[in-house]
S.K.: 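I'd like to ask some things about the structure below.
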Protein chains: 2
Amino acid sequence: MTQRHRPTIHEVAKVAGVSISSVSRALNGNTSNADMVARVNAAVQEVGYVPSMVAQSLKTRHTGQVAFAMEDIGNAAYLEMVRRIQPTLREVGYRLLLHSTGADAEDELGVLASLSQNYVDGLILCPLRVTGRHVEALRHPAVPVVVIGLLPDDVPVDNVRADSRVGARMAVEHLHEAGARRIAFIDGPLDTVPGRARHDGYRMGLEACGLKPDDHLIRFADFQFEGGRHSARDLLTQHPDVDAVLGANDLIAMGAMHALRELGRHVPGDVRVVGMDDTPLAATSFPPMSSVSLGSADRGRIAAELLLRRLDGDGSPPERVTVPPSLTIRESSR
Amino acid sequence: MTQRHRPTIHEVAKVAGVSISSVSRALNGNTSNADMVARVNAAVQEVGYVPSMVAQSLKTRHTGQVAFAMEDIGNAAYLEMVRRIQPTLREVGYRLLLHSTGADAEDELGVLASLSQNYVDGLILCPLRVTGRHVEALRHPAVPVVVIGLLPDDVPVDNVRADSRVGARMAVEHLHEAGARRIAFIDGPLDTVPGRARHDGYRMGLEACGLKPDDHLIRFADFQFEGGRHSARDLLTQHPDVDAVLGANDLIAMGAMHALRELGRHVPGDVRVVGMDDTPLAATSFPPMSSVSLGSADRGRIAAELLLRRLDGDGSPPERVTVPPSLTIRESSR
DNA sequence: TTGAAAGCGCTACCAC
DNA sequence: GTGGTAGCGCTTTCAA
């Protein structure tokens, strides 16, 4: 692997017999002389010149890079976001940097702080928890930031939200309509943004249906399959009259479906199940599982679009977009 | 969003009452005078100085960035890789850039070419198809490259492989031992690296078991759920004697499980099913699905480690690592 | 040990 | 329209 010398703009200039300024202009389309452009291009070909992003960045003060920070790319919701963010940015020439922070708030703050290093032009942040220090850091970001998730109203950054409160409520109402009366809920941690919102939505749903809330029917499971399975097993053993389970995400709900099967309960005959996030897991499960889509893909796309507007120099006040949830009804709750 | 002036090393120097060289040295640990270090650090705090990555990169000629290019981060195998690559790189201070090329060979070549822009120090490439132009581009990469996937022997880059040929053979042998005699195979496209290898492995497996290959029992499905479902439905309708289905990945195999259920065939009683990649889908399916792990996580980690060695200046000859497959037997094939 | 100064490769301003 | 030239913010010689 011989580290060949990378030709610079000077080599091109020499070969073309012009000045480096002319080369720069020709390459950036700031010249009207067609002959000049042709000569420069020929020289570029000849020496195999490729502009240095780094030098350009130092001069122009932008990098063509955007970062996306979330807890774990392994989470289907974040994955959906990335899959939309990347092409949206890429279309206009931005590259995407990925930060999986592993639910470490310290790490997220580190990302926020490191923005001052100016290695990216903007950031899309999807925090699992929003602390006071987050808010503080978001007051004076070194580059434009878009936050996906709930944010205090006075934080001056663009903000894209899901409405998982309404989503959870929709699920409960649907289960009620389908005939369920003892609707259990397996949530994620209450101190996370989605955990809190879904909990509230569940309660709201019960009220809207005239069902009495019963805290014994609520469990917490860290958003994972095994947690859902354990919680559901426990739940159904202690409360055999439960006739529906809402999972705070599809993994939890899938775990619950497995537990139900192990307990010999039929889905949806004995117990109806609904998940949240509407990931591929839901569509491919057996029976296919109803799930509340929180529009992860849309949130990703919209966040990217908002950020691009800022990067274009848009100075209008921070925007707040809420993506409505939608329920996909499949066999598990019919 | 007031674009405040970012303090430079000059401000720090002025406040500390020293030269910019001293600031640089103190910050990079190239000074032994403790007093100097203290003064500089104090000044850094005072003005809120954060070094510019870009300026550092221009000078030092490295960026602290590594790119990972694959077809689609939505694919579970690539996802697993990313999940290991990122922390491995991050641990030593590298950031990860993501290129989802969307199975566009042109795009992959673009990534390879753009390496000359020196916006990254290295690349991990996981091509779905390897063309002559890939090979050509890989002969003189501008920065170290590690390829995950099959590669001609004479291409001088580090290379991490799965052995999906052996993996597919293992699956066939397992199905045979379990009692299957008419083992069908739903593959991905034959012109992809994994599609080809798995096809060969399937044939090898049949031979090893003394089963007669029958091309009618092979279908192609583009590695997706619906493809697997369609193919399986078609297959089982035309060949009701099929008693086992191997899917070239878990999505295909899941699709097949659904088709079987729709056809009223019991898994594993009537038809045994095995998938490949051993994704979360397999473990959470019902019944839990046997699957051949091709070590995606390990391949990702190893690729990252190999790349880090190169970035450390290791000049030894290109290495070739093959990660062995392993079969996880679950209910679907018992 | 410290400071002055020379670039890294580029853009953009200024005269011509 | 074209060519000098002054930096962008940093690291790293080189002398003192």
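Here is how names work: the chains are called A, B, and so on, in the same order as the sequence lines, proteins then strands, and each is numbered from 1. All values below were derived from every heavy atom in this structure, side-chain atoms included, with hydrogens, water molecules and symmetry-related copies excluded. These figures come from a predicted structure and were not determined experimentally.
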S.K.: Figure out the CE/C1' separation between B:M53 and D:dC8, and round it to whole Å.
M.R.: 16 Å

S.K.: Report the distance from atom CD1 of A:I20 to atom P of D:dA6, rounded to the nearest whole Å.
M.R.: 12 Å

S.K.: Distance check needed: D:dG9 P versus B:E11 CD, whole Å only.
M.R.: 9 Å

S.K.: So, OP1 or OP2 of C:dG9: does either fall under 4.0 Å of a side-chain N or O from B:R61?
M.R.: yes

S.K.: Quick one: which of D:dT2, C:dT11, C:dC8 gets closest to the side chain of B:L58?
M.R.: C:dC8

S.K.: Please state whether the phosphate of C:dG9, meaning OP1 or OP2, lies under 4.0 angstrom from any side-chain nitrogen or oxygen of A:Q56.
M.R.: no

S.K.: If you compare every side-chain N and O of A:Y49 against the phosphate oxygens of C:dC10 (OP1, OP2), does one of them come in below 4.0 Å?
M.R.: yes

S.K.: Checking the side chain of A:T101 only, and the main-chain atoms of A:M70 only, is there a donor and an acceptor separated by less than 3.5 Å?
M.R.: yes

S.K.: Side chain to side chain contact (heavy atoms under 4.5 Å, CB included), that's the test. Do A:L27 and A:N41 meet it? Break it down for me.
M.R.: CA-CA 8 Å; A:L27 258 33; A:N41 282 334; 4.2 Å; yes

S.K.: Whole angstrom is fine here: how far is it from NE2 in B:H10 over to P in D:dC10?
M.R.: 8 Å

S.K.: Please pick, from C:dT2, D:dT2, D:dT11, the nucleotide with the shortest atom-to-atom distance to any side-chain atom of B:M36.
M.R.: C:dT2

S.K.: Determine whether more than 12 heavy atoms belonging to other residues, nucleotides or ligands lie under 6.0 Å from atom CZ of B:R133.
M.R.: no

S.K.: What integer distance in Å separates B:R25:CZ from C:dG3:P?
M.R.: 7 Å

S.K.: When the distance from CZ of A:R6 to P of C:dG9 is rounded to whole Å, what number comes out?
M.R.: 8 Å

S.K.: Under 4.0 Å between a side-chain N or O of B:S21 and OP1 or OP2 of C:dT2?
M.R.: no

S.K.: Please tell me if B:S57 has a side-chain N or O lying less than 4.0 Å from either OP1 or OP2 of D:dC10.
M.R.: no

S.K.: Residues two or more places apart in sequence or in another chain: which of them pass side-chain hydrogen bond (donor to acceptor under 3.5 Å, both in side chains) with A:D158?
M.R.: A:R310

S.K.: Assign B:V54 to base, sugar-phosphate, or nothing according to its heavy-atom contacts below 4.0 angstrom with the strands shown.
M.R.: nothing

S.K.: Looking at D:dG3, I'd like to know if its phosphate oxygens (OP1 or OP2) sit under 4.0 Å from a side-chain N or O belonging to A:S19.
M.R.: yes

S.K.: Report the distance from atom NE2 of B:H62 to atom C1' of D:dC10, rounded to the nearest whole Å.
M.R.: 12 Å

S.K.: Report yes or no: is there a donor-acceptor pair, N or O only, under 3.5 Å between the side chain of A:K59 and the base of C:dG9?
M.R.: no

S.K.: Are OP1 or OP2 of C:dT11 and a side-chain N or O of A:S24 less than 4.0 angstrom apart?
M.R.: yes

S.K.: So, is B:N30 close to the D:dT11 phosphate, meaning a side-chain N or O under 4.0 Å from OP1 or OP2?
M.R.: no

S.K.: What is the distance from CD of A:Q117 to P of D:dG9, rounded to the nearest Å?
M.R.: 15 Å

S.K.: Return yes if a side-chain donor-acceptor contact under 3.5 Å exists between B:N33 and B:T31, otherwise no.
M.R.: no

